Protein chains: 2
Amino acid sequence: MVTLADVARHAGVSASTVSYVLSGKRSISAPTRERIQHSIDALGYRPHAGARALASSRTDVLALMMPLRTGLYVPVLMEIAMAVTTTARSHGYDVLLLTGEEGPEAVRRVEGSAIADAMIVMDVGLDDPRLPHLRAAERPAVLIGLPTETAEAADTEGLDCVDLDFEAAGARCVEHLAGLGHTAIAVLGEPPAVYERGTGFAARTLTGFRAAASSHGVGLLHRPVDGTYAAVAAAVTRVFEERPGTTGIVVQNEAAVEPLLALLRHQGRAVPEDVSVVAICPDQVATHASVPLTAVSVPAQEMGRLAVERIVRRLEGERSGGTELIAPRLTPRASTGPAPAPAPSSSPSAATEDRRGHGGH
Amino acid sequence: MVTLADVARHAGVSASTVSYVLSGKRSISAPTRERIQHSIDALGYRPHAGARALASSRTDVLALMMPLRTGLYVPVLMEIAMAVTTTARSHGYDVLLLTGEEGPEAVRRVEGSAIADAMIVMDVGLDDPRLPHLRAAERPAVLIGLPTETAEAADTEGLDCVDLDFEAAGARCVEHLAGLGHTAIAVLGEPPAVYERGTGFAARTLTGFRAAASSHGVGLLHRPVDGTYAAVAAAVTRVFEERPGTTGIVVQNEAAVEPLLALLRHQGRAVPEDVSVVAICPDQVATHASVPLTAVSVPAQEMGRLAVERIVRRLEGERSGGTELIAPRLTPRASTGPAPAPAPSSSPSAATEDRRGHGGH
DNA sequence: TTGAAAGCGCTAACAG
DNA sequence: CTGTTAGCGCTTTCAA
């Protein structure tokens with residue numbers, strides 16, 4: 001193995017000089033620098049990561065905690081992971097992948113063993129058991145997600161968070177439909193398991209849906225669904241029985257998109273003439289669906305990139321930056337249109353919540 | 001930070017004794033061991049990964065090279081990655097995730113910087129530029145995939161490989177259909193890009209398709225397709241124009257599965273009465289398809305697990321284990337049945353290759 | 001069964 | 001602008 005000492009000898013300088021050429025932490029005369037650089041190339045020298053970590057207390061590694069739990073849409077996670085590794089590399093960092101359910105234990109492991117300089121934490125839950133450990137930890141952490149139901153109630157003290165503003169995203173979807181005259185809307189949400197474990201983004205989106213429905217006087221039904229045709233069919237069928245006047249559907253569940261469109265087709269409901277559909281999903285899914293979908297895009301890449309940039313800044317000494325929410329962007333496509341002529345009478349009175357009807361349909 | 005020296009002091013022993021308790025590399029009297037263990041717990045000691053790596057030349061990290069290139073089905077990759085991290089943890093290893101197109105450079109980086117003890121390499125191409133570097137490297141590597149078109153022609157000297165036997169898998173699909181009396185078969189393959197860059201598994205499957213078609217006297221058309229409805233429709237339509245007698249379709253492209261089934265439905269071709277469909281895909285996809293698919297399953301988890309177990313054995317001193325192919329398992333489901341009554345005359349003469357017909361249809 | 005001590009390869013004062 | 005030197009925390013001979 002080629003060591004720094006080898007390079008120093010080869011170049012006829014001291015070890016520290018070589019080290020400083022590598023780190024750039026003090027100025028070296030052009031001639032020596034070139035000579036050293038030449039020796040480095042000639043010998044094919046690479047600094048030993050462990051030695052460097054020991055001496056400098058920096059590993060140049062970021063830990064990515066990505067528990068892959070049921071109900072999550074894998075391609076989005078993967079896209080985030082890719083963006084994280086790519087961005088990290090461009091800043092000189094490698095990425096250690098932590099999946100699995102180690103939870104708090106993994107946090108302690110990273111911290112205690114100095115395995116990574118910082119952590120990026122995904123799939124954040126409302127009462128995430130990792131958070132106390134993250135706050136207590138020396139190393140900085142950034143969450144992709146928020147551990148709260150609303151952006152305001154952010155119990156985010158000492159934690160950096162990056163995420164899509166799902167609350168605004170949910171509201172935006174409802175607003176879009178309300179603006180087109182729809183007054184009865186159904187939401188096909190993430191699988192039940194996702195809500196049950198209190199996943200932050202799902203909870204926040206729901207908050208947004210409800211707030212917008214309330215303020216626009218729109219009726220709203222919310223149905224978690226697994227991403228199977230059967231589950232979607234059951235949910236949608238029930239929705240139309242319970243609220244025959246439903247003309248707008250918001251779907252926040254990538255796996256449910258095609259089943260939904262197939263079902264509507266099957267039921268003879270035209271999109272968007274009979275039913276308008278808005279999705280919250282990656283652009284890729286929205287544009288490739290069998291009907292191009294009006295959608296708020298989930299900017300997976302941007303989330304990964306922002307998280308890394310945030311953490312890198314913190315590692316460079318910057319103070320905690322609090323919460324950074326990406327503003328939702330809704331792109332109108334072929335799946336939404338004006339509400340069809342309404343049934344004879346109707347007098348939408350006030351806000352409406354799940355399973356609590358409001359008069360008029 | 002709690003160091004080994006702290007523990008030693010706390011327990012009233014020397015540093016080396018603590019180290020040996022941790023590594024178990026020499027016998028320690030029960031009393032001292034317990035005392036030390038108690039100190040470790042009391043102080044919350046964790047060995048410093050960098051220091052350990054420096055002193056022992058072992059990092060307890062495995063590098064996973066997973067370039068995410070276009071045309072690959074992400075959930076399968078993710079499943080492999082998960083299996084890798086999980087299995088690795090159960091053996092005491094962490095996983096460093098390398099995506100991106102660094103290729104050979106990444107291999108050198110891992111090797112030179114002693115960043116990981118071994119590498120697991122995915123998305124192996126026929127003439128993969130990383131291979132020479134892997135052979136030259138000190139650290140062991142295992143490929144998930146084969147860099148060859150056939151299992152025999154394995155230019156696998158000094159490389160460990162783990163994979164599904166895609167060649168046998170391809171053959172198995174054709175045999176299954178041939179056994180049901182189908183004599184004209186079409187293959188919907190991976191996206192063109194996958195073949196163009198010489199991805200090993202796609203090439204090997206094709207080899208298997210062709211060999212089986214040849215030996216069973218079955219006509220075979222092969223069409224790479226992107227996973228879009230339009231691409232599938234174009235390919236299938238052309239197939240039925242070129243070989244109207246086609247009654248069997250093999251699909252090796254997860255994204256094309258639903259578009260294919262939708263198209264057949266749309267064309268009024270019943271599955272399996274008019275057309276039998278066999279897939280090569282994860283069980284998950286086969287069972288959740290709108291028609292449960294007869295399929296050779298892609299055992300993503302098993303591949304990841306085997307790769308790690310293989311590499312762990314090598315790190316423990318075992319010699320290179322060569323190539324290990326998982327035997328394909330075809331599960332009959334609802335998508336295949338006997339070939340429909342054939343057109344009046346036919347005299348299948350001999351083997352048939354892509355785009356070269358054989359008489360009788 | 002335990003200790004003492006010499007590094008592993010690098011960084012970062014401290015000196016010049 | 002460059003060299004000297006003292007560790008970083010752990011493993012592992014060599015001794016006892």
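Numbered from 1 within each chain, the chains take letters A, B, ... in sequence-line order. Only a predicted model underlies this, so the values are computations on that prediction, with no experimental measurement involved.
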Extract, from 5' to 3' on DNA chain C, the first and final nucleotides lying under 4.0 angstrom from some heavy atom of chain A.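 Using the under 4.0 Å cut-off, the span is C/dG9 to C/dC14.
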
By the salt bridge (charged side-chain N to carboxylate O under 4.0 Å, His left out) test, which pairs, at least two apart or in different chains, include something from [range]?
range	value
residues 3-13 of chain B	B/D6-B/R9
residues 16-30 of chain B	none
residues 309-327 of chain A	A/D160-A/R310, A/D160-A/R314, A/R305-A/E309, A/R310-A/E324, A/R313-A/E318
residues 35-57 of chain B	A/E105-B/R46

Indicate whether any N or O donor in one side chain lies under 3.5 Å from an N or O acceptor in the other, for A/S16 and A/S19.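 Note: A/S16 and A/S19 side chains miss the donor-acceptor criterion.
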
Can A/S90 and A/T87 be counted as having a side-chain donor-acceptor contact under 3.5 angstrom?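 No pair is found: no donor N or O on one side chain lies under 3.5 Å from an acceptor on the other.
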
Sequence neighbours left out, what passes side-chain contact (heavy atoms from CB on, under 4.5 Å) with [X]? Give chain and number order.
X	value
A/A116	A/V61, A/A63, A/V110
A/E138	A/E111
B/L54	A/H48, A/A51, A/L54

Does anything in residues 9-22 of chain B reach DNA chain C, meaning a heavy atom under 4.0 Å, and if so which residues?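 The stretch gives B/G12, B/V13, B/S14, B/S16, B/T17 as the residues lying under 4.0 Å from the strand, ordered by number.
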
Near DNA chain D, counting only heavy atoms under 4.0 Å, which residues of residues 24-49 of chain A show up?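 Residues of residues 24-49 of chain A under 4.0 Å from DNA chain D: A/R26, A/S27, A/I28, A/S29, A/T32.
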
Quick one: bend of the helix from C/dT1-D/dA16 to C/dG16-D/dC1 from 5 pairs per end, to 10°?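 End axes: 30° apart.
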
Which whole-number value in Å describes the distance from B/L54 CG to D/dG9 P?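 So the CG-P distance, B/L54 to D/dG9, works out to 12 Å.
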
Please table the atom pairs, donor to acceptor, closer than 3.5 Å between any side-chain atom in residues 71-85 of chain A and protein atoms at least two apart or in another chain.
{"from": "A/T85", "atom 1": "OG1", "to": "A/A81", "atom 2": "O", "distance (Å)": "3.4"}
{"from": "A/T85", "atom 1": "OG1", "to": "A/M82", "atom 2": "O", "distance (Å)": "2.9"}
{"from": "A/T85", "atom 1": "OG1", "to": "B/T99", "atom 2": "OG1", "distance (Å)": "2.4"}

Please check: side-chain N/O of A/D163 versus main-chain N/O of A/D165, any donor-acceptor pairing under 3.5 Å?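 Side chain of A/D163 to backbone of A/D165, a donor-acceptor pair under 3.5 Å: no, none is there.
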
Keeping the roles fixed (side chain from A/S56, backbone from A/R58), state whether a donor-acceptor pair exists under 3.5 Å.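 Pair found, side chain donor or acceptor close to backbone of A/R58.
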
Residue pair A/A114 / A/T59: nearest heavy atoms and the distance that separates them: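 So the minimum-distance heavy-atom pair works out to O-CG2, 3.3 Å.
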
Return the 5'-most residue of the pair B/G50, B/S23 with respect to DNA chain D, ranking by each residue's nearest nucleotide.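 Comparing both residues, the 5'-ward one is B/G50.
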
